[in-house]
Amino acid sequence: MTLRAVATGVGHYLPERVVPNSEFESFLDTTDEWIRTRSGIERRHFAAEGETTSQMAIAAAKNALDMAGLQPDEIDAVVVATSTPDLTFPSVATMVQSGLGMTRGFAYDVQAVCAGFIFALTNANGLILSGQAERVLVIGAETFSRIMDWTDRSTCVLFGDGAGALVLEARTGSGTSQDRGILSCDLNSDGRYRDMLYVDGGVSTSGASGKLRMQGNPLFRQAVSKLTETAERALEKASLGSADVDWIVPHQANIRIIQGTAKKMGLPMEQVIVTVQDHGNTSAASIPLALSVGVQEGKIREGQLLVTEAIGGGLAWGSVVIRW
Ligand code: ACO
């Protein structure tokens with residue numbers, strides 16, 4: 001018997017305000033056409049004034065708990081992936097814990113920018129396999145609109161806000177790749193690339209939260225090869241290959257990166273969950289948002305094989321293979 005971390009619930013939350021590309025045309029030298037053709041983004045959601053990362057995380061978590069049929073106090077651990085916390089500390093995860101009315105368990109944040117959910121999921125899997133927790137809430141939640149430079153057309157049109165959550169529960173499997181649950185993980189980072197994507201402020205430097213800076217084109221060139229490599233490595237660790245995959249659930253940064261990765265993996269776009277047109281790049285929230293939308297639309301079904309992959313600031317990148 002092998003212990004497995006099985007997804008039993010998924011949910012998401014998107015802020016009410018939807019911002020179409022055309023809104024940027026009024027204050028930037030850009031067009032709906034440029035944004036659509038270069039990134040695949042058509043609209044994104046922006047948090048309302050006063051709406052925080054933890055509030056969105058709590059809303060997504062409630063939806064995931066509902067689907068799993070669990071009460072908050074049945075959860076042992078909350079792991080939140082975010083780069084845009086409400087405060088420097090305490091963690092968003094502890095705010096989620098209190099917001100859900102949990103009086104037990106433990107909670108902490110993980111920060112690996114757009115790859116954050118992959119790192120959090122790997123971490124939560126480790127908690128379950130090592131017996132630290134039986135039920136873990138894994139959340140990706142971001143308010144990237146708060147770190148945008150609204151005069152920089154090369155970044156501010158790309159990002160959005162939102163949250164997605166997953167409930168993982170310990171179950172026993174047979175130890176084969178037919179088991180439901182997380183089958184393998186692959187994590188990578190390389191700090192030599194840290195200047196490619198960063199925020200120009202922080203606690204021990206400027207004392208302010210800063211604005212996002214990105215060298216989009218060099219990052220774009222890194223993305224497809226690194227994402228394909230990590231997804232293929234994760235599949236190999238589970239003794240699987242691309243032919244076994246039902247769905248790629250990629251980080252939603254740019255449709256051209258998503259298409260390039262699917263092509264390199266030899267899979268058609270019909271087997272890729274795509275939400276970038278509606279959400280933009282929501283950083284650590286993008287994969288759980290895509291999972292939740294994919295389930296809601298009836299695409300992702302129990303027993304199917306999913307490969308998730310993401311790359312972001314650091315650079316940090318990785319992949320998790322899950323049988324749903
Ligand atoms: N509207 C009009 N023109 C623009 C805009 C805009 N919004 N933004 C940039 N341009 C211009 C540039 O100034 C440039 O003009 P120039 O040729 O006169 O200098 C031209 O468009 C082309 O710019 P490129 O940067 O070469 O365009 P590219 O095809 O690379 O697309 C993009 C840019 C969309 C940013 C792409 O590079 C990309 O998606 N990069 C990767 C982003 C990513 O994956 N990030 C990782 C995750 S994010 C995270 O971790 C937080």
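Just follow the structure's listing: the first ligand is 1, and inside any ligand the first atom is 1. The basis for the numbers below is simple: all heavy atoms, side chains too, and nothing from hydrogens, waters or symmetry mates.
Atom 48 (S) of ligand 1 has Cys114 SG, 3.0 Å as its closest protein atom, hydrogens excluded (heavy atom only). Annotation: atom 45 (N) of ligand 1 to nearest protein heavy atom, Leu219 CD2, 3.2 Å. What sits closest to atom 31 (O) of ligand 1 on the protein, heavy atoms only, is Arg256 NH2, 3.4 Å. Remark: minimum distance from atom 25 (O) of ligand 1 to any protein heavy atom is reached at Asn217 CB, 4.1 Å. Arg38 NH1, 4.2 Å is the protein heavy atom nearest to atom 23 (O) of ligand 1. The protein heavy atom nearest to atom 12 (C) of ligand 1 is Arg153 NH2, 3.9 Å.
Close approach of ligand 1 to Gly313 (heavy-atom distance below 4.0 Å) involves ligand atoms 50 (O). Each of the following atoms of ligand 1 lies closer than 4.0 Å to a heavy atom of Ile311: 46 (C), 47 (C). Each of the following atoms of ligand 1 lies closer than 4.0 Å to a heavy atom of Gly312: 50 (O). Near Val113, with a cut-off below 4.0 Å to any heavy atom, the atoms of ligand 1 are 49 (C), 50 (O), 51 (C). Those atoms of ligand 1 with a heavy atom of Asn281 less than 4.0 angstrom away are 47 (C), 48 (S). Close contacts of ligand 1 with Leu158, meaning ligand atoms under 4.0 Å from a residue heavy atom, involve 35 (C). Proximity to Val157 (heavy-atom distance under 4.0 Å) selects the following atoms of ligand 1: 7 (N). Near His251, meaning under 4.0 Å from one of its heavy atoms, ligand 1 places the atoms 47 (C).
Under the 4.0 angstrom criterion for non-hydrogen atoms, Ala223 is not in contact with ligand 1.
Around atom NZ of Lys263, no more than 12 heavy atoms belonging to other residues, nucleotides or ligands sit under 6.0 Å away. More than 12 heavy atoms of other residues, nucleotides or ligands sit less than 6.0 Å from atom NZ of Lys211.
Contact annotation for Asn254 and ligand 1: only side-chain heavy atoms (C-beta onward) come within less than 4.0 Å of the ligand. Here Ser154 has heavy atoms under 4.0 Å from ligand 1 in both its backbone and its side chain. Of all the heavy atoms of Leu197, the ones lying under 4.0 Å from any atom of ligand 1 belong exclusively to the side chain. Both the backbone and the side chain of Thr30 come within 4.0 Å of ligand 1, counting heavy atoms alone.
Residues Ala77 and Leu127 come closest through the heavy atom pair CB-CD1, 4.1 Å. Among all heavy-atom pairs drawn from Ala234 and Ser319, the shortest one is CB-OG, 3.5 Å.
A donor-acceptor pair is defined here as one N or O able to donate and one able to accept, closer than 3.5 Å; such a pair exists between the side chain of Asp161 and the backbone of Ser145. Proximity of a side-chain donor or acceptor of Arg180 to a complementary backbone N or O of Ala7 within less than 3.5 Å is detected. At distances below 3.5 Å, not a single donor-acceptor pair connects side-chain atoms of Thr172 with backbone N or O atoms of Leu3.
There is no protein heavy atom less than 4.0 angstrom from atom 14 (C) of ligand 1. At a distance under 4.0 Å, a protein heavy atom can be found next to atom 38 (C) of ligand 1. In this structure, atom 1 (N) of ligand 1 has a protein heavy-atom contact shorter than 4.0 Å. For atom 29 (O) of ligand 1, the nearest protein heavy atom lies closer than 4.0 Å. There is no protein heavy atom less than 4.0 angstrom from atom 18 (O) of ligand 1.
Not a single N or O atom of Ile257, backbone or side chain, sits closer than 3.5 Å to an N or O atom of ligand 1.
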Run Arg301 and Asp246 through salt bridge (charged side-chain N to carboxylate O under 4.0 Å, His left out) and show every step you take. CA-CA 10 Å; Arg301 295 191 305 273; Asp246 291 297; over 6 Å; no
Show your reasoning for whether salt bridge (charged side-chain N to carboxylate O under 4.0 Å, His left out) applies to Arg104 and Asp73. CA-CA 7 Å; Arg104 57 177 289 273; Asp73 261 351; 5.7 Å; no
Before you tell me yes or no, could you show the steps for Asp200 and Arg213 under salt bridge (charged side-chain N to carboxylate O under 4.0 Å, His left out), namely the whole-Å CA-CA distance, both residues' side-chain angles and the distance that decides it to 0.1 Å? CA-CA 7 Å; Asp200 64 1; Arg213 308 291 169 205; 3.0 Å; yes
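Taking the six-membered ring for Trp, Phe46 and Trp150 have ring centres closer than 6.0 Å.
Between Asp179 and Arg4, at least one side-chain nitrogen of the basic residue sits less than 4.0 Å from a carboxylate oxygen of the acidic one, meeting the salt-bridge criterion. Under a 4.0 Å N-O distance rule, the pair Lys62/Asp66 does not qualify as a salt bridge. Here Glu23 pairs with Arg17 in a salt bridge; the nearest charged N to carboxylate O distance falls below 4.0 Å.
Using the six-membered ring where Trp is involved, Phe24 and Phe27 have ring planes that are tilted, between 30° and 60° apart.
Of all the listed residues (Trp34, Phe220, Tyr198, Phe144), Trp34 holds the heavy atom that lies closest to atom 4 (C) of ligand 1. With distances taken over non-hydrogen atoms, the option nearest atom 40 (N) of ligand 1 out of Gly216, Gly40, Cys156 is Gly216.
Distance check: Arg135 CZ to Gln71 CD gives 11.0 Å after rounding to the nearest 0.5 Å.
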